[in-house]
Amino acid sequence: MKIYVTRRIPEKGLDMIREKFGEVDMNPDNRVLLHEELIENVKGADAVLCQLTDKIDADVMDSAGPSCKIFSNYAVGVNNIDFDAANERKIMIGNTPGVLTDATSTLAISLMFSVARRIVEADRFMRGENFEGWDPMLLLGNKVSGQTLGIIGAGRIGEDIAIKMHKGFGMNVLYTDLNGNEFLEDKTGAKKVDMDTLCKESDYISVNVNYYPETHHLINEERLSLMKENAIIVNTARGPVVDEEALVKALQQKWIFGAGLDVFENEPKMKPGLKDLDNVVIVPHIGSATFEARTKMSEMAAQNLIDALEGRLPEFLVNKEVFNVK
Ligand code: DGY
């Protein structure tokens with residue numbers, strides 16, 4: 001049995017796999033594999049535990065070959081995987097929903113506060129030894145309590161952010177989603193609106209949609225221009241949902257108050273100009289980076305892989321339709 005792990009993950013999940021099938025074959029360097037390396041390393045694998053940074057396309061699947069049962073993605077997002085290719089080959093795709101909701105929503109909220117209260121700028125100011133005593137006009141920011149929060153994509157994470165911010169800070173909630181979210185409406189009095197209304201009326205905007213061709217540049221220059229001058233936009237979903245070049249322009253020209261970004265259009269790169277701006281807080285895709293979430297993700301990804309290898313359908317199977325699962 002060959003089980004290939006494309007990058008080190010918390011030991012808990014690896015131990016679960018080792019207990020069942022013995023030693024795993026793992027990328028020894030803690031770095032993203034080049035596509036050619038990935039193709040080479042998965043050769044003949046029965047199962048692959050992969051990362052959102054691995055492009056899992058037909059070439060990778062064909063290299064693993066007909067013995068391969070599953071690509072178990074160590075992430076909830078699966079936009080790195082070619083589903084048509086997986087479905088054609090009847091390869092299962094697993095993911096890790098739910099266990100990272102709290103971690104990711106907490107990061108989105110942290111970004112909102114950091115931008116609103118200019119925490120990173122203030123920290124830099126102190127480290128630069130610029131503080132000369134209390135100043136009535138120093139580093140004024142935006143209030144959070146009672147403001148309007150627009151959630152783009154009211155799935156698990158969007159819903160969690162809205163509930164926390166409504167309960168904790170009395171925020172009014174607007175949301176966009178393909179479907180209505182009655183639970184969210186009951187809990188928070190949230191109103192489903194169209195995207196342009198959300199952009200025009202929100203003080204805080206949180207991007208929480210999956211990345212598909214349909215959500216590419218959902219936030220573009222035109223939508224940024226609709227936003228309020230005090231608006232703060234936070235993206236903890238996927239970078240390409242926001243047109244990053246347009247965002248840089250909006251931040252440079254102060255169309256909006258600021259942005260908090262955990263994800264970038266061409267990760268790990270940033271668009272020119274972004275890092276020079278004071279009105280953006282940028283962090284390196286750490287939404288799920290708590291010890292608890294990452295450990296649970298490792299257990300879940302391992303369990304998906306074990307189930308597939310032992311002939312069961314994994315609980316967190318993304319391409320259910322191919323396997324006739326309701
Ligand atoms: C995911 O799971 O999709 C996050 O982006 C990383 O944990």
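Order of listing sets the numbers, starting from 1, for every ligand and every atom in it.
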- [ ] Give yes if a backbone or side-chain nitrogen or oxygen of R294 is under 3.5 Å from a nitrogen or oxygen of ligand 1, and no if not.
- [x] no

Task: CD on E265 to OH on Y211, rounded to 0.5 Å - done: 7.5 Å

Task: Backbone or side-chain N or O of A237 under 3.5 Å from ligand 1 N or O - done: no

Task: Atom indices of ligand 1, in the order listed, that fall short of 4.0 Å to a heavy atom of M297 - done: 7 (O)

Open item on the list: Is there a polar contact between ligand 1 and S288, counting only N or O atoms under 3.5 Å apart?
Closed with: yes

- [ ] Can you establish whether the number of heavy atoms outside E132 located under 6.0 Å from its atom CD is more than 12?
- [x] no

TODO: Can you sort out which atoms of ligand 1 are near R238, meaning under 4.0 Å from one of its heavy atoms?
DONE: 1 (C), 3 (O), 4 (C), 5 (O)

Task: Short side-chain to backbone donor-acceptor contact, D262 and H285, under 3.5 Å - done: yes

Task: Closest protein heavy atom (residue, atom, distance) for atom 2 (O) of ligand 1 - done: V76 N, 2.7 Å

Task: Within reach of ligand 1, part of L52 (heavy-atom separation under 4.0 Å) - done: side chain

TODO: Would you check the N or O atoms of G77, main chain and side chain alike, for any that come under 3.5 Å of an N or O of ligand 1?
DONE: yes

TODO: Give a yes or no answer on whether the side chain of N235 reaches the backbone of R238 with a donor-acceptor pair at less than 3.5 Å.
DONE: yes

Open item on the list: Any nitrogen or oxygen of H285, side chain or backbone, less than 3.5 Å from one on ligand 1?
Closed with: yes

